[in-house]
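Have a look at the structure below, then the notes.
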There are 2 protein chains.
Amino acid sequence: MNVRLSELIEAYIKELMEESDDFVEFGRNELAEHFHCVPSQINYVISTRFSPERGYYVESRRGGGGNIRIKRIELSQNDYIMHILHSIESNLSQNEVGIMIQNMVEYDIVSEEVARLMSVATNDKVLNLPNDLKDSVRTRIFKNLLINLI
Amino acid sequence: MNVRLSELIEAYIKELMEESDDFVEFGRNELAEHFHCVPSQINYVISTRFSPERGYYVESRRGGGGNIRIKRIELSQNDYIMHILHSIESNLSQNEVGIMIQNMVEYDIVSEEVARLMSVATNDKVLNLPNDLKDSVRTRIFKNLLINLI
DNA sequence: TACTTATAAAAGTCAAAGAAAGTCAAAGTA
DNA sequence: TACTTTGACTTTCTTTGACTTTTATAAGTA
């Protein structure tokens, strides 16, 4: 596959959210239908892209008329950074850090330049460490960079 | 073999880069397919020809839709940075990196903010690595940050 | 009517399969 | 000897689907 479906779905949800005051509500099945994918794909996107540590609040209801609601938590720049810092409980992959940095750019927490430097300093190829060290070193660097931003 | 395949691949990537503003993005498998070689040949070319010393920054993603991205900085237009890059012949201590960063601030190559970020990302305490790894990781991070300053 | 039960319509979970790129060392070549 | 090519094996991220849980509503019963 050429383009990642997950990213299309992520972008779509963010677009909807922009249009309606940082809040979006949808049926999981409808959205899956719209993208011609299985419903659990939506869960994957939510858990990798719209988790609390990324600054979102998610709730849902099952059963007839059930749906999923995502609300972006509105925080000042410093609070946003503090929120991320507090919510990091385990080590992060390059991808996870990348998604967080991308969000920070989108929400004007950091400049493009700072974002670029942060992703360089947390990049797998750059670190080039054995697997048992990679994620922990990356996470330490990332956290310290965040602290530095406050 | 008469002509080294590695050189053909190198030339091809550079050609693509010329055409598109010093940036290329491709699938490793596609490129390998194009040259009828094994995918790991691409890694060999990248690691031997597209290093920071030569002015390149490389990043990649695995998994579905994964790819490799290479960007280049114009050597001649960034004299000072290339000068620093070339002057690094062995691994650097925190102190040595610190001095270089300070010089860059004095010469107005980087802002205070960026300088601070660079020091955090190359700091001993932050990296918290065994001695045999510390300096090499620091140096890789520093070099790659340099490439990305522009 | 009030309460219980069945049915169907959601969303959630989790692990397997798939799709990429990375690593490393052996073999080949100049 | 130094550089290049190859390929088996690993790691990372995404997609899929079978199975589970929850909830609203309709149907049945006292």
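All chains are named by letter (A, B, ...) in the order of the sequence lines, taking the proteins before the strands, and each is independently numbered beginning at 1.
- Heavy-atom distances to DNA chain D give each of B:Thr48 and A:Ile99 a nearest nucleotide, and the one nearer the 5′ end belongs to B:Thr48.
- As rounded to whole Å, 11 Å separates atom C1' of D:dT12 from atom CD of A:Glu96.
- D:dT16 atom P lies 13 Å from atom CZ of A:Phe35, rounded to whole Å.
- For the pair A:Lys71/A:Glu74, a side-chain contact is recorded, criterion being any heavy-atom separation below 4.5 Å from C-beta on.
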Could you run down the sub-3.5 Å N/O contacts of the protein with nucleotides 22-25 of chain C?
from	atom 1	to	atom 2	distance (Å)
C:dG22	OP1	A:Lys125	NZ	2.4
C:dG22	OP1	B:Ser60	OG	2.8
C:dG22	OP2	B:Asn43	ND2	2.8
C:dG22	O4'	B:Arg62	NH2	3.2
C:dG22	N7	B:Arg28	NH1	2.9
C:dG22	N7	B:Arg28	NH2	3.0

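- Counting only heavy atoms from C-beta outward, the side chains of A:Arg72 and A:Phe23 never approach each other to under 4.5 Å.
- For A:Asn29, taking side-chain heavy atoms from C-beta onward, the closest of the listed nucleotides C:dA10, D:dT15, D:dG17 is C:dA10.
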Practice prompt. Classify every nucleotide of nucleotides 3-8 of chain C by which part a protein heavy atom approaches to under 4.0 Å, writing B for the base, S for the sugar-phosphate alone and - for neither, in 5'-to-3' order.
Written response: ------
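- Counting heavy atoms from C-beta outward, B:Phe50 and B:Val24 have side chains that stay 4.5 Å or more apart.
- In this structure, B:Tyr12 and B:Phe35 have perpendicular ring planes: the angle between them is above 60°, well past the 30° mark.
- The separation between B:Ile9 atom CD1 and D:dT4 atom P is 11 Å, rounded to whole Å.
- The CD atom of A:Glu33 sits 15 Å away from the C1' atom of C:dA9 (whole-angstrom rounding).
- Atom CG in A:Leu8 sits about 15 Å away from atom C1' in D:dC13, given to the nearest Å.
- Taking only side-chain nitrogens and oxygens, A:Tyr44 never comes nearer than 4.0 Å to OP1 or OP2 of D:dT15.
- Within the 4.5 Å cutoff, the side chain of B:Arg140 has heavy atoms near those of the A:Asn128 side chain.
- For the residue pair A:Arg54 and A:Ser51, a side-chain donor N or O sits within less than 3.5 Å of a side-chain acceptor on the partner.
- Atom pair B:Phe26:CZ and C:dA21:P shows a separation of 9 Å (rounding to whole Å applied).
- Going from atom CD1 of B:Ile42 over to atom C1' of D:dG7 covers 15 Å, rounded to whole Å.
- Residue A:Asn131 contributes atom CG, which lies 5 Å from atom P of D:dT12 at whole-angstrom precision.
- Residues B:Met17 and B:Ile70 meet the side-chain proximity criterion, which asks for heavy atoms closer than 4.5 Å.
- Ring geometry for B:Tyr107 versus B:Tyr80: interplanar angle of 30 to 60°, hence tilted.
- Partner of B:Arg138 under the side chain to side chain donor-acceptor pair (under 3.5 Å) criterion, out of B:Thr122, B:Asn91, B:Asp124, B:Asn123: B:Asp124 alone.
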